[in-house]
Each structure stands twice: as structure tokens, then as C-alpha cells.
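Here is the structure we will look at.
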Amino acid sequence: MRKQNIHTFIGCDNEYDESSIVIFGAPFDSTTSFRPGTRFASSVMRNESFGIETYSPYQDKDLEDYKIFDGGDLELSFGNSNLALQDIQDETESILNDGKIPFMIGGEHSVTLGAVKAVFKKYPDLHIIQFDAHTDLRDEYLGQYFSHASVIRRCWDMVGDNKIFQFGIRSGERAEWDFAKKHLHTTKFNFGKNFDELDKVIEKLKGKPVYFTLDLDVLDPSEFPGTGTPEAGGVTFTELHKSIEKISELNIVGLDMNELSPIYDQSGQSTALACKLLREILLFISK
């Protein structure tokens with residue numbers, strides 16, 4: 001039995017055994033290529049979450065009415081990607097084996113690979129939905145095979161063709177775009193006209209196990225400046241909220257939120273947005 005974490009996201013202080021969703025932080029940003037700082041995201045989000053309410057007026061639901069456990073942050077090796085990813089995989093496997101949904105808070109996007117390895121082990125027909133500004137499809141970056149810039153390519157190595165669905169993508173090398181055309185489903189810039197592309201994917205994936213990875217830089221930096229690699233031309237909070245509501249009807253078996261870097265937004269608006277979005281996602285997937 002796991003002990004309660006005394007430092008929790010608001011409304012997520014239930015006992016482990018009685019909870020259906022388990023949050024854990026993955027404070028790792030050692031392969032960040034531009035501006036580091038995402039290792040602080042999960043801890044800062046816990047602090048700042050008490051600036052919002054547990055109740056969502058969007059959904060007429062309250063975190064207090066559901067059983068969610070926040071287990072705190074993992075202690076990860078900042079200088080060893082392989083070891084950090086293995087620790088994340090082990091934690092995710094443990095949560096899955098207990099019949100619960102793992103929800104990881106990064107950290108840079110490379111942490112997704114550790115979680116996906118664990119989920120794929122249990123669900124070999126796994127499909128991945130990625131909301132992101134970047135393709136993350138490089139085969140390696142600066143000699144690093146396991147990198148935030150190559151994380152989705154490594155996921156593809158596992159799940160194979162036509163199992164990964166990207167939305168909001170607006171940045172990547174030409175080779176990455178060419179690779180995506182052949183092996184993935186990629187929707188540029190947003191979720192399609194009136195969400196039509198997203199709706200098609202949802203219809204296709206009904207009944208299948210789905211891992212959802214949310215890179216917060218899918219948001220426009222005018223709304224979310226606190227990230228390491230901001231990309232102009234992103235989606236709005238309202239669009240993102242609506243899209244997550246849509247995918248919540250799928251069989252989400254694991255998920256993560258990553259790439260908040262609080263130190264690049266002294267106003268705190270990025271952290272406040274991330275906290276509100278985390279509350280909304282938790283309520284969307286709570287049954």
C-alpha cells in the first residue's frame with residue numbers, strides 16, 4: 001500500500017487503493033535542446049493548484065466526488081536518459097498492474113516513451129493520440145537516440161504504422177514531415193476544420209486502447225508562453241478543451257501532460273492554465 005503524498009494537486013489526496021486514477025510527476029529535462037526548466041512543472045503545479053477550485057463549471061463535476069491519488073514526483077537520474085525512462089516505465093507498470101490509469105506530469109516530452117513502453121506491454125494494440133506543436137519524429141538529435149525531439153519516432157518503433165495520430169503540428173524538419181506522411185496520421189496546425197479530422201479519428205479508435213500525450217506547446221504562446229520551445233500559430237485553450245472532451249469518450253488507458261516550464265512565465269498564467277486543464281482532463285476521464 002502506498003502512502004499518501006502530503007504535497008498533492010488540489011482534490012487528489014485520496015488513498016491509493018481506492019483511487020482509479022494515479023498522478024505522478026516525472027521531473028526530467030536533460031535532453032531539452034533549447035530552454036530547460038520543465039523538471040519543475042509538476043511541483044509548481046501542485047503549489048499553484050490551490051489557486052483554482054476543485055469544481056468545474058464546464059462539466060458540473062467536482063474532483064472531490066472522485067477518487068484520484070497523487071503520488072508525488074519520481075526521483076529520476078537527471079544525467080541518464082535510459083535509467084530515467086526505465087524508472088518511469090516501472091512506475092507506470094506498477095500502476096497498470098493495480099488496475100488503475102496512470103497520468104504522468106512531465107517534464108520534457110521524452111518522458112512519454114517510458115510510460116508508453118509500459119502501456120504497450122499490457123495493450124499490444126495500443127494507439128497514440130498526440131497533441132503537440134512539434135512532430136518529434138527525428139531518428140536522433142545531436143547524437144541522442146532518446147530525446148524529446150525523437151520521442152514519437154521511438155513510440156512508432158513499438159506500435160508501428162497508422163497507430164499514431166498527431167494534431168496541432170506546425171514545426172519539424174522536412175524529413176520528419178515526409179516520415180509522417182508515410183507512417184502516421186498528422187493534422188497540421190489544429191484539429192481540422194470544425195474538429196472534423198479529430199472526429200474521424202475518434203470514430204476510428206472507438207473500443208481500442210488509447211494513450212493520450214499532451215505537449216502543452218500545442219497551445220499558442222500568446223496563451224501559454226511558459227514552455228521551452230514556443231511555436232506561434234497554436235490552438236486556443238477553448239479549442240484544446242473541446243478536443244479533450246471529444247477524446248475522453250475513448251478508452252484512455254494512460255496519458256501524460258508535459259512541457260510546462262514555469263520559469264519562462266513570471267506572470268504565472270501558463271501554470272494557471274495547466275492546472276485548470278489538468279483538472280478538466282481528470283474530470284473528463286473520471287467515470
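What you see is a predicted model; the values in this text were computed from it and never measured. No hydrogens, no waters, no symmetry mates; every other heavy atom, side chains included, goes into these values.
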Trace of the side-chain contact (heavy atoms from CB on, under 4.5 Å) decision for Ile128 with Phe165: CA-CA 6 Å; Ile128 299 172; Phe165 301 84; over 6 Å; no
Residues Asn80, Asn82; criterion side-chain hydrogen bond (donor to acceptor under 3.5 Å, both in side chains); working and verdict: CA-CA 6 Å; Asn80 188 322; Asn82 290 330; 4.7 Å; no
Steps toward side-chain contact (heavy atoms from CB on, under 4.5 Å) verdict (Phe50, Asn47): CA-CA 7 Å; Phe50 291 89; Asn47 287 333; over 6 Å; no
Worked verdict on Val235 versus Phe191 for side-chain contact (heavy atoms from CB on, under 4.5 Å): CA-CA 9 Å; Val235 304; Phe191 306 105; 3.8 Å; yes
Asp70/Arg46 under side-chain contact (heavy atoms from CB on, under 4.5 Å): CA gap, chis, key distance, verdict: CA-CA 10 Å; Asp70 182 352; Arg46 292 189 183 95; 2.8 Å; yes
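Judged purely by distance below 3.5 Å, without hydrogens or angles, the side chains of His109 and Asp136 pair a donor atom with an acceptor atom. His7 and Asp73 share no side-chain donor-acceptor pair at under 3.5 Å. Defined by atom type and a distance below 3.5 Å, a donor-acceptor pair is present between the side-chain atoms of Glu231 and Ser171. Remark: the Asp265 side chain and the Gln269 side chain contain no N/O donor-acceptor pair separated by less than 3.5 Å. A side-chain N or O of Asp60 and one of Tyr55 form a donor-acceptor pair less than 3.5 Å apart. The closest side-chain donor-acceptor pair between Gln166 and Thr187, if any, does not fall under 3.5 angstrom. In this structure, a donor-acceptor pair under 3.5 Å is present between the side chains of His134 and Asp217.
Other residues, nucleotides and ligands place more than 12 heavy atoms under 6.0 Å from the NZ atom of Lys122. Enclosure of atom NZ in Lys287 by more than 12 non-hydrogen atoms of other residues, nucleotides or ligands within 6.0 angstrom is indicated. Counting heavy atoms of neighbouring residues, nucleotides and ligands inside a 6.0 Å radius, atom CD of Glu18 exceeds 12 of them. Around CG of Asn194, the count of heavy atoms belonging to other residues, nucleotides or ligands within 6.0 Å does not exceed 12.
The heavy-atom pair separating Thr8 from Asn5 by the smallest distance is CG2-O, 2.8 Å. Nearest heavy atom pair, residue Val111 against residue Gly106, reads CG2-CA, 4.2 Å. The shortest heavy-atom contact between Asp62 and Tyr66 is O-CD1, 3.2 Å.
With hydrogens and angles ignored, the 3.5 Å screen pairs a side-chain donor or acceptor of Ser270 with a backbone N or O of Gly226. The backbone N or O of Gly228 lies less than 3.5 Å from no partner atom in the side chain of Glu259, so there is not a single donor-acceptor pair. In this structure a side-chain-to-backbone donor-acceptor pair under 3.5 Å is missing from Glu48 to Ala272. Proximity of a side-chain donor or acceptor of Thr54 to a complementary backbone N or O of Glu64 within less than 3.5 Å is not detected. Looking only at distances, no side-chain donor or acceptor of Lys67 sits under 3.5 Å from a matching main-chain atom of Cys12. Between the side chain of Ser243 and the backbone N or O of Leu240, at least one donor-acceptor pair lies under 3.5 Å. Judged by distance alone, the side chain of Lys100 and the main-chain N or O of Ser19 form a donor-acceptor pair under 3.5 Å. With hydrogens and angles ignored, the 3.5 Å screen pairs a side-chain donor or acceptor of Asp29 with a backbone N or O of Thr38.
Ring-centre distance between His241 and Tyr58: below the 6.0 Å cut-off.
Residues Met45 and Leu283 share a hydrophobic cluster, clusters being chains of Ile/Leu/Val/Met/Phe/Trp/Tyr side chains in contact below 4.5 Å. By the criterion of side-chain heavy atoms lying less than 4.5 angstrom apart, applied directly or through intervening Ile, Leu, Val, Met, Phe, Trp or Tyr residues, Met104 is grouped together with Leu85 in one hydrophobic cluster. Ile129 and Leu219 fall within a single hydrophobic cluster, where Ile, Leu, Val, Met, Phe, Trp and Tyr are joined by side-chain heavy atoms under 4.5 Å apart, directly or via other members. In the hydrophobic clustering of this structure, Phe9 does not group with Phe40; members are Ile, Leu, Val, Met, Phe, Trp, Tyr whose side-chain heavy atoms approach within less than 4.5 Å, directly or through other members. Cluster annotation: Leu184 and Ile202 are assigned to distinct hydrophobic clusters (Ile/Leu/Val/Met/Phe/Trp/Tyr, side-chain heavy-atom contacts under 4.5 Å, transitive).
Considering CG of Asp98 and CG of Asp17, their distance stands at 7.5 Å, rounded to 0.5 Å. Residue Ser286 holds its OG atom at 9.0 Å from CD of Gln59, rounded to the nearest 0.5 Å. For the atom pair CG (Leu260) and CG (Leu216), the distance works out to 6.5 Å, reported to the nearest 0.5 Å. To the nearest 0.5 Å, the span separating CD1 on Ile152 from OG1 on Thr135 amounts to 9.0 Å.
Aromatic ring orientation, Phe167 versus Phe131: perpendicular (interplanar angle above 60°, classes split at 30° and 60°).
Side-chain contact between Asp220 and Thr236: absent, with no pair of heavy atoms (C-beta onward) separated by less than 4.5 Å. A heavy-atom distance below 4.5 Å is not found between the side chains of Ser20 and Ile101. Taking 4.5 Å as the limit, some side-chain heavy atom of Ile52 sits within range of a side-chain heavy atom of Ile10. Proximity of Phe212 to Ile244: side-chain heavy atoms (C-beta onward) are separated by under 4.5 Å at one or more points. Residues Trp177 and Ile169 form a side-chain contact, since some pair of their non-hydrogen atoms from C-beta on lies under 4.5 Å apart. Looking at heavy atoms from C-beta onward, Asn258 lies in side-chain contact with Thr112 at the 4.5 angstrom threshold. In this structure, the side chains of Ile95 and Tyr16 come closer than 4.5 Å at one or more pairs of heavy atoms. Val253 places none of its side-chain heavy atoms less than 4.5 Å from the side chain of Val210.
A salt bridge between Arg170 and Asp132 is absent, with no side-chain N of the basic residue lying under 4.0 Å from a carboxylate O of the acidic one. Ion pairing between Asp157 and Arg154 holds under the 4.0 Å rule for side-chain N and carboxylate O. For Lys200 and Glu197, the salt-bridge test passes: some basic side-chain N is under 4.0 Å from an acidic carboxylate O. Here Asp125 pairs with Lys163 in a salt bridge; the nearest charged N to carboxylate O distance falls below 4.0 Å.
Figure legend: Arg153 and Phe179 shown as a cation-pi pair, the cationic atom lying under 6.0 angstrom from the six-membered ring centre and within 45 degrees of its axis.
Sorted by first and then second residue, the pairs that involve residues 237-249 and meet salt bridge (Lys or Arg N to Asp or Glu O under 4.0 Å), not counting sequence neighbours, are Asp199-Lys246, Lys206-Glu249, Lys242-Glu245.
For the side-chain contact (heavy atoms from CB on, under 4.5 Å) with Met257, the qualifying choice from Leu214, Asp215, Ile23 is Leu214, the only one to do so.
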